[in-house]
Each structure stands twice: as C-alpha cells, then as structure tokens.
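Written out below as structure tokens is the structure these notes cover.
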There are 4 protein chains.
Amino acid sequence: MSFPKLFCETARGLPAKRERRKEARPGELLAAALELFVEKGFAATRADEVAKRAGVSKGTLFLYFSSKEELFKAVVRDNISGRYPGWAAEFEAFEGSTADMLRYAMNSWWTSVGATKASGISKLIMSEASNFPELAAFYQKEVIEPGHALIRRILQRGIDRGEIRPIDMTQAVHIIMAPLLYLVMCKHCYGTFADESARLVPEEFLATQVDTLLDGLSLRQADNVTPDRKAKPQ
Amino acid sequence: MSFPKLFCETARGLPAKRERRKEARPGELLAAALELFVEKGFAATRADEVAKRAGVSKGTLFLYFSSKEELFKAVVRDNISGRYPGWAAEFEAFEGSTADMLRYAMNSWWTSVGATKASGISKLIMSEASNFPELAAFYQKEVIEPGHALIRRILQRGIDRGEIRPIDMTQAVHIIMAPLLYLVMCKHCYGTFADESARLVPEEFLATQVDTLLDGLSLRQADNVTPDRKAKPQ
Amino acid sequence: MSFPKLFCETARGLPAKRERRKEARPGELLAAALELFVEKGFAATRADEVAKRAGVSKGTLFLYFSSKEELFKAVVRDNISGRYPGWAAEFEAFEGSTADMLRYAMNSWWTSVGATKASGISKLIMSEASNFPELAAFYQKEVIEPGHALIRRILQRGIDRGEIRPIDMTQAVHIIMAPLLYLVMCKHCYGTFADESARLVPEEFLATQVDTLLDGLSLRQADNVTPDRKAKPQ
Amino acid sequence: MSFPKLFCETARGLPAKRERRKEARPGELLAAALELFVEKGFAATRADEVAKRAGVSKGTLFLYFSSKEELFKAVVRDNISGRYPGWAAEFEAFEGSTADMLRYAMNSWWTSVGATKASGISKLIMSEASNFPELAAFYQKEVIEPGHALIRRILQRGIDRGEIRPIDMTQAVHIIMAPLLYLVMCKHCYGTFADESARLVPEEFLATQVDTLLDGLSLRQADNVTPDRKAKPQ
DNA sequence: GATGAATGAGGATTCATTCAT
DNA sequence: CATGAATGAATCCTCATTCAT
C-alpha cells in the first residue's frame, strides 16, 4: 500500500491530498478552529466548518479531538505560549525613561500580540470563560498573572527612579491593563460595531493613552510650553 | 379542591395557575431574561427557561415579546439605554468641576449599571456580537453611541471651562470607556479569573482611574512641570 | 342590569358595542370565517383572526362553536342553500333553443354563484374535502347531485328537440361541469397565480365555451358563412 | 451481532440502520413526499413523517433537501415539469392530425400525470397556493406556463394546417385545460364525492371531450350547417 | 355571557457525534 | 486512517383551546 502512494507522490510532484500532511493535521485543525472560534464564538462555530477550513472531513476532526469542547481547550492551550521570558529579559536591560519604557512595552505588546491572531485568544477567553472555567483558570495563571508581573516591574522601576509617583501597585496594574484589553475587544468586535467616526487607530490610541497615563488630561500652565502634544482641538 | 389552593396561595405565596397579571408580566420576564442572558449568553438561553424562571409558560413569553431578539432588546432598554435621558438631564444641571463630574458620572454608571446584572449585557454583546449582527447594531445605536455622546459632553464642558486641555475627542472618549469595559469584563469573568491578590475594588479603581486620568502617574514637585519629562529621547 | 343597558342604548342612540348584535354573533362569525377559510384555507385560518373580523374576542368564538372544525362545518352548511328550485322552475318554462338555454344557465350560475362568495364554498370543499369527508358527502348530495340533474335536464331537452346529438349523458354532464369548476378554481387562486397574459374573463370564457361545446373547434366550410364568431386570430 | 443483522437484511429485506445509499435516497424521499403531500397537503405533512416513510431519520431528509419547500419543488420537478422536454420533443415530431394529436397529448398526460399520484400535486397547489405564495409562483412558472405553451403549440399547428378554425389562443388554452383540471379535482375528492352513477371514466371522458371539443355537441345533418343555429334570438 | 391572558402540544430545522465503508 | 452519510436531541415559535375574571 505504501508503494503506490510513494509512486503517486513522486510521479506527480504533488503528494496526494490525503497524504500530504498527515502529521500536520492537528495543527491545521487547531489553526482553523482558532480562526473560527475567534470570529464566531464557540457555540456558533460548526465542526463541519472547522474541518472544511482545515481541508479534512468532519469525521477526521473527531478522530483527533474527541469533542468540540476538547478542540476548544486544545486551541486555547496551543495558543497560550510564553512570550514573557523574552520580554522580561528585554525589560531587565532597558535603559530609557519609564515613559519610553511604557511606550515600548505597549507597542511591543501590540505588535506581537494585540495586532496578531494571538489577541483572538484573549477575546475568546473573555467570551467563553464562564463556559470553560478550567481554561479560564489556566489562562489566568499562564497569561494574566505573568503579564501583571511584567507591568508591576516597569512601574516599580519608575517609582524607584523617581519618575512615577508612589501608587497602589495593584490598581496601577489594572490601569495599564484596561486600554490593552479595550483594544482587543474593539479589534475583535470590529465590523459588527462599525462606527466609522469613532474608529480607533491602535497605535495612536496607545500613544495617547501613555501620554495621558503619565500626564493626565488636566490643563496646566506648563501645557502652553509643550507644543508636541498631539491634541487636535476638537 | 379550593381549600388546598387557598392554603397554597397564602401559605407559600405561590400563585395559582393561570393567574392574570398583565402588568407585572413584562417586568418579571425582563428580570428573568436579564439573569439568564448574563448567566448563559444569548444563544444558550432557552426561551422556556426564561419563561419558567418568570413563573409563566413558554407561550406567555411570546405573548409579551415577539421573539427572543425583541426580548433582548427590551432587556437592554430596560437596563441601560433607558437610563440615558436621566443622566443627560443630571449632566445638564451639574455645577461642579470636571473632576467631580467625571467621578460622579462613573460612580453613577457603576451604581446603576456596572455593579448590577445589567453590566452583563455589555459582556454578552462582546461575546455574541458576531452571531447576532442585528443585536450588535441595535446595541451600537442604542447604547454605545448615546454613551459616547454623554462622555463627549462631559469632556467638552471641561475644555470649555478650561479644566481639560484640548484633546482629540474620539480618543478621549475611548480613554474614558476603557476602564469601564475593563471593569465589566473583570466582573463577569469573575470566579474563574480569581486572583485574590490582584482583585479589583471597583469603586476604588474608578476613583484612582479618574485621578490618574486627570493628573497622570508622573511624579511632579509641587505641581511644577519638569520640562525634561516631556522630551521624547527615543 | 338590563335597565342601565337600555338606558345606554337609548341615550346614546348607538347600542353599546357588546350589546349591539348579540343574536347576530353566530352569523357574523360564520361570514368572517367563510371569507377567511376561502382566502387562506382551513389550516391557515387562525381563530383569532376570525374573531377579530367578526368584532368579538377569541373566547367568544369558542362560546358559539366548540372547535375550529365545528366552525368550518357550520360555515359550509350555512352556505349551501338551495338555489336549485328556482332554477328548476325557470328551466321548466324556458322556450328558446338549447344553445340559448345553455348560455342562459351558465350566465345565471356565474351571476348568482360563480361571481359571488358562494363560489368560495366550492373551492373550500375542493380543498378540504379529504379532511372533512362528512362535509364532502353532504355537499355531494346537496349541491353536486342536484346540479347535475339540472344540467341533465337541459341536455335531454336538447336531444328531445333534435338540437343536440344523442350522447352519453353522464359524460356530457361532466363536460358541462368542467369549465364551471375551472372558473371557480381560477377565481380563487387568483393573485397567487397571476399570469396577466393568460387572464380569464369569465363571461367571455363561458360564451366561448358554449360556442365551442356546441360547434367544436374544427374548421369547416360553413365557418366562412358565420361572421359573428368571436375568434380573434392568434 | 453480525448474524442477526444479516438475517434481518436477507430475511425481511429491512435495511440495517445507518445504511449508506446516497444515490437511492433522493428518489425514496421524493416518492414518500409525493404520497404524503397528496394525502395530507403541504402544510399538514410533517417532515418526520416523510423521513419515516422513506425509512430514514428526519435529519437525513434535510441532508438532501434544504427545506420542506425545496422538497416540494423537487417533487414537482420529478413528477411534472421534468416531463415537459420529452413531450415537447414528441410533439415536435408528431405527424398525425390535430385530432389525433390532442387525443395523444391528453392520453399522455393522463397516463404519466393524471392517473398517477403526481396529479395530486395540482390539487394540492389549488388548495394551498394562498398559504405558500412562493410555491404557487414556482408552480406557475415551472408547470402552468410551460404547460400552456405546449397546448398553444398544438393548437397553432392545427390552425396552420387548416384543421382548427382561428380562435383566441388564450381562451382556447383554458378550454383545453378545464377538463384536465376537472379530472384531477374529481380524482382527488374521490371517495368522499362518491356518486357511483355519475362516476367518470377518465379515458372515456377525455376521448369524448376531444371529440366534443373538435366537433361540438350540436346535431348536424351530414355535416351540413344549419344556418338558424347561429342566430341569437335573445 | 364575554373577555383575553395563559397554556402547552406540535413541528421545522440545525448540528455534534457516530459508524459502516 | 479517513470519509461523509446518517442520526436524533435540542430549540424557537405558533395557535387552538381553556378558564379566571
């Protein structure tokens, strides 16, 4: 049975479809499922669709994942990878001001998480947490807590350097988190919530957010002195 | 047969079957629907369940709301957008500083929406928007847009009074919205996302948030502006 | 209780709605039901609608007719009245040719049955016969059989007068019936089967039908002699 | 476990569950649907019933026909409009007289439609057209219009050959249609409308009908035209 | 008698899951 | 291993009928 198969593959230059990527199957299914779960939610994603997008039959999907729930869990686990060690190292070595560091951190997050499919996982978790408490706990431990720790480190460094006023750390972390989560939610509810006039440009939003976070919205005399603020009066 | 019924009614407070309470029904159904929608999501909430929780039969539900979607819309109106006129009036009459006004607005929102089950609606919409575009559009039009308008009014008043520096209004609105949505998401992923140490006390968070929003996190000496804070060496 | 009622009626000149036509109720319900049954069929006619069109509540409908089926039966029975004795007398006295008699009979039928709501009963019976065999039998006996007898009488007279060639009477009766039933069905499926170009003008159709019935479609030399034929070439 | 199954299959002819017979299904479902639609009408036929009669589960029905309406359309195509191309071809090639052609056409229709369950479709449409306008439109376009076109072709050929006198085509078509519809209605109100003495023998009725259609009922002497027959004394 | 609020059985359709091939 | 035909539980909504007022 293997001979004709090989013959097939070499003769045509293309492996027969069914054989082409036998080992890649789970990965392709996970990728297809991620996209669809993010797009439509867990309940609304049909097994049929996932299978089709992965280029296999519905039966095959259940060969690899015993149920839709198991598929969902696998998708989430598969996508919560640790990008944190790399960031931690970068932050350890960072030498600029806290303002720059926050800007850098947020842009970094946006570039490597927020703007990518990975942000879909956050959206997915938010949406389906109550149906998958076990996964939510997992996410909390693997993603949220380490993320908070990184933010805390940046803030603590700012306080130590005298750039940030002493503040309740827990609250400060949430204050930093809020706009990030907001961006994720905006991004993934896009299209359905289309209000052109209020559309968010993430990079600009993050920059403005950092400025505001550091200096506030209040008008002060000194404001006249700083022409580089991005305010576009009304 | 009449005796047990009487007994039943008086002793347990259970209504007899086929009781006619036309005026009370909508409210009871809306309350039941709110609970269930928030608990289980729109799609996963079965009409029978809503009816049962409201103490009526399935048919009765459809007597008052022509479809599940209409029921949802009614829930939204009953719990969120129905409050806007009142807020708008209050804001019109408000006489304090912008800082006070923001605090007041946020607390108001927290008390009457954020802290109640109604906040679940926002979470729900985030989760299911893509599956029910018509509901998403309704929410956008009935909740988001008027909500943004209210925020814009507060900010514009602050600018007019010289308390807020001129700023791009669209972004500013999002900056105000972010922590509110964040609270909602935290609240409704609660229990699953339980990190005791990082737990948020909403009222405090909102207060801190307003302070930060207005004055920033940066350390200043007696409100002197440190010029080099504004340099962007990057 | 009757005193205030009377007072009411006389004082206002209009009887209170509920009182106005207590005895007319069944008739009004039957009339409304006839219209709706003919329009939409038995199954698709909602009790609610019948009641509303009759100006009463749904409950009242069931006060007079114990079920929708009973209402239907009552409608049919109510509308199958004997117009036959009158026709039989007219035919007895008729003195013209058979051709004239057929024309007269068909026009008579069209005017007093086909063009009126009464034809709806025929349509109704046709449509629902299989669901109401008892009614169908009733209709057969009360309407179809006497109708056939009338037609048979006309034809027999024609044969006796030497105007009609001897023919199997049973078949001839059906040959006369067919266009009548056809008209009824066309009339009542009108609007749904709208093909403007093929629209039937009943009076013309009946006239042409009688001509054809008597003289046929075949081309004969004699045709050149008869300029009053209604043929509109192509 | 395999033994009883085999036994079952061979002994009773009952298929094992989950038998895969993709090619046979549509036909079995269409046959079951035709029977049930004719027996009970479109609205009253439940999808489960069709499936059960075809020996499959409800789900399978919807695997082959996306909705009950589509199932109905397929039944119509399978039983009526699907035959038109064949008829059209036959008529194109027909070489006999118009009388023979009409006889042939009517017998053809009777044999393959009128005498079969398919004729129930026409009765059904008459009954339910107003409730399912889309189906009525479909029937009009797919069955009635092409059917009329076929008849028109026969008549036009007769005129062109000088066998039929020129006549308004629209009316002529209806004159041909009437007895066909009449047969259908008689057939399907059968049993309920049983009047033994007046029972119709369709083949004879159609033959007589064609004769009458062509030559009329009038008595003629050696085919001489009696001039006073055409006077209209009224 | 009259009302109309309440009931709940009934039916089309979807889709995760199974299993014969 | 892979397939995809088959299954049937699940759910929204309708509407004839009931019955408390």
Side-chain angles (χ1 to χ4, degrees), chain A residues 1 17-19 22 25 43-52 55-71, chain B residues 5 15-25 43-51 55-71, chain C residues 1 17-19 22 25 43-52 56-69 71, chain D residues 2 5 15-25 43-51 55-69 71:
Chain A
M1 204 170 110
K17 195 169 185 182
R18 188 185 295 190
E19 305 306 330
K22 212 176 229 172
R25 286 285 152 68
T45 295
R46 278 174 296 127
D48 249 353
E49 238 174 327
V50 174
K52 188 197 270 184
V56 299
S57 73
K58 199 169 24 166
T60 304
L61 169 60
F62 286 92
L63 215 57
Y64 288 99
F65 304 95
S66 64
S67 74
K68 208 172 114 177
E69 294 217 348
E70 284 308 317
L71 174 63
Chain B
K5 223 194 296 181
K17 278 182 184 180
R18 285 187 165 265
E19 199 180 356
R20 301 170 122 219
R21 311 195 303 154
K22 193 183 183 183
E23 306 76 24
R25 291 290 184 234
T45 296
R46 279 175 295 122
D48 321 33
E49 237 173 329
V50 174
V56 298
S57 73
K58 199 172 18 168
T60 304
L61 169 61
F62 289 95
L63 213 57
Y64 290 95
F65 304 95
S66 63
S67 72
K68 214 170 100 173
E69 297 218 345
E70 283 307 317
L71 175 62
Chain C
M1 205 170 108
K17 194 171 189 183
R18 188 185 295 192
E19 304 306 330
K22 213 177 229 175
R25 284 286 152 69
T45 295
R46 278 173 298 125
D48 250 352
E49 239 172 327
V50 174
K52 188 196 274 184
V56 299
S57 74
K58 199 169 24 166
T60 304
L61 169 61
F62 285 92
L63 216 56
Y64 288 97
F65 304 94
S66 64
S67 73
K68 209 173 114 177
E69 295 217 347
L71 173 62
Chain D
S2 63
K5 224 196 292 181
K17 279 182 183 178
R18 287 190 165 263
E19 199 180 356
R20 300 170 123 218
R21 313 194 300 154
K22 194 184 182 184
E23 306 77 23
R25 291 291 184 233
T45 294
R46 280 175 295 122
D48 321 33
E49 238 174 327
V50 175
V56 298
S57 73
K58 198 172 16 168
T60 303
L61 169 61
F62 288 95
L63 213 58
Y64 290 95
F65 304 96
S66 63
S67 72
K68 212 169 103 174
E69 297 218 344
L71 175 62

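Residue numbers begin at 1 in each chain, while the letters A, B, ... track the order of the sequences.
- Between the P atom of F:dA9 and the CG atom of D:Asp48 lies a distance of 12 Å, rounded to the nearest Å.
- At least one side-chain nitrogen or oxygen of B:Ser57 sits closer than 4.0 Å to the OP1 or OP2 atom of E:dT7.
- Comparing C:Ser67 and D:Val56 along DNA chain F, the residue whose closest nucleotide (by nearest heavy atom) sits nearer the 5' end is D:Val56.
- F:dT11 atom P lies 13 Å from atom CZ of B:Phe62, rounded to whole Å.
- Residue A:Tyr64 places at least one side-chain N or O under 4.0 Å from the OP1 or OP2 atom of F:dA2.
- Among the heavy atoms of the strands lying under 4.0 Å from A:Thr45 are primed sugar atoms or P, OP1, OP2 only; no base atom is included.
- The side chain of B:Lys58 sits closest to F:dC12 out of E:dA12, F:dC12, F:dT18.
- Not a single donor-acceptor contact under 3.5 angstrom links the side-chain atoms of A:Lys52 to the base of F:dG4.
- Atom CG of A:Leu61 and atom C1' of E:dC19 are 16 Å apart (whole Å).
- Atoms CZ (D:Phe65) and P (E:dT14) sit 15 Å apart, rounded to a whole Å.
- Within the nucleic acid shown, B:Lys68 comes within 4.0 Å of sugar-phosphate atoms alone, with no base atom in reach, counting heavy atoms only.
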Review item, side-chain donor-acceptor pairs of residues 58-65 of chain D, under 3.5 Å, at least two apart:
from, atom 1, to, atom 2, distance (Å)
D:Thr60, OG1, D:Ser57, OG, 3.3

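- Rounded to a whole Å, the CG atom of D:Leu63 is 7 Å from the C1' atom of F:dA6.
- For residues 61-70 of chain B, the pairs satisfying salt bridge (charged side-chain N to carboxylate O under 4.0 Å, His left out) are B:Glu70-B:Lys73, with sequence neighbours left out.
- Comparing C:Thr60 and A:Ala43 by the nucleotide of DNA chain E whose heavy atom lies nearest to each, the residue mapping closer to the 5' end is C:Thr60.
- Here the nucleotide nearest the side chain of A:Ala47, chosen from F:dC12, E:dT17, F:dC13, is E:dT17.
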Notebook entry, point to check: Which string of ( ) [ ] | and . matches DNA chain F, if you list each base 5' to 3' and count Watson-Crick or G-U pairs only when both distances are under 3.5 Å?
Noted result: .||||||||||||||||||||

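- Taking atom CD of residue B:Glu49 and atom P of nucleotide F:dC13, one finds them 15 Å apart after rounding to whole Å.
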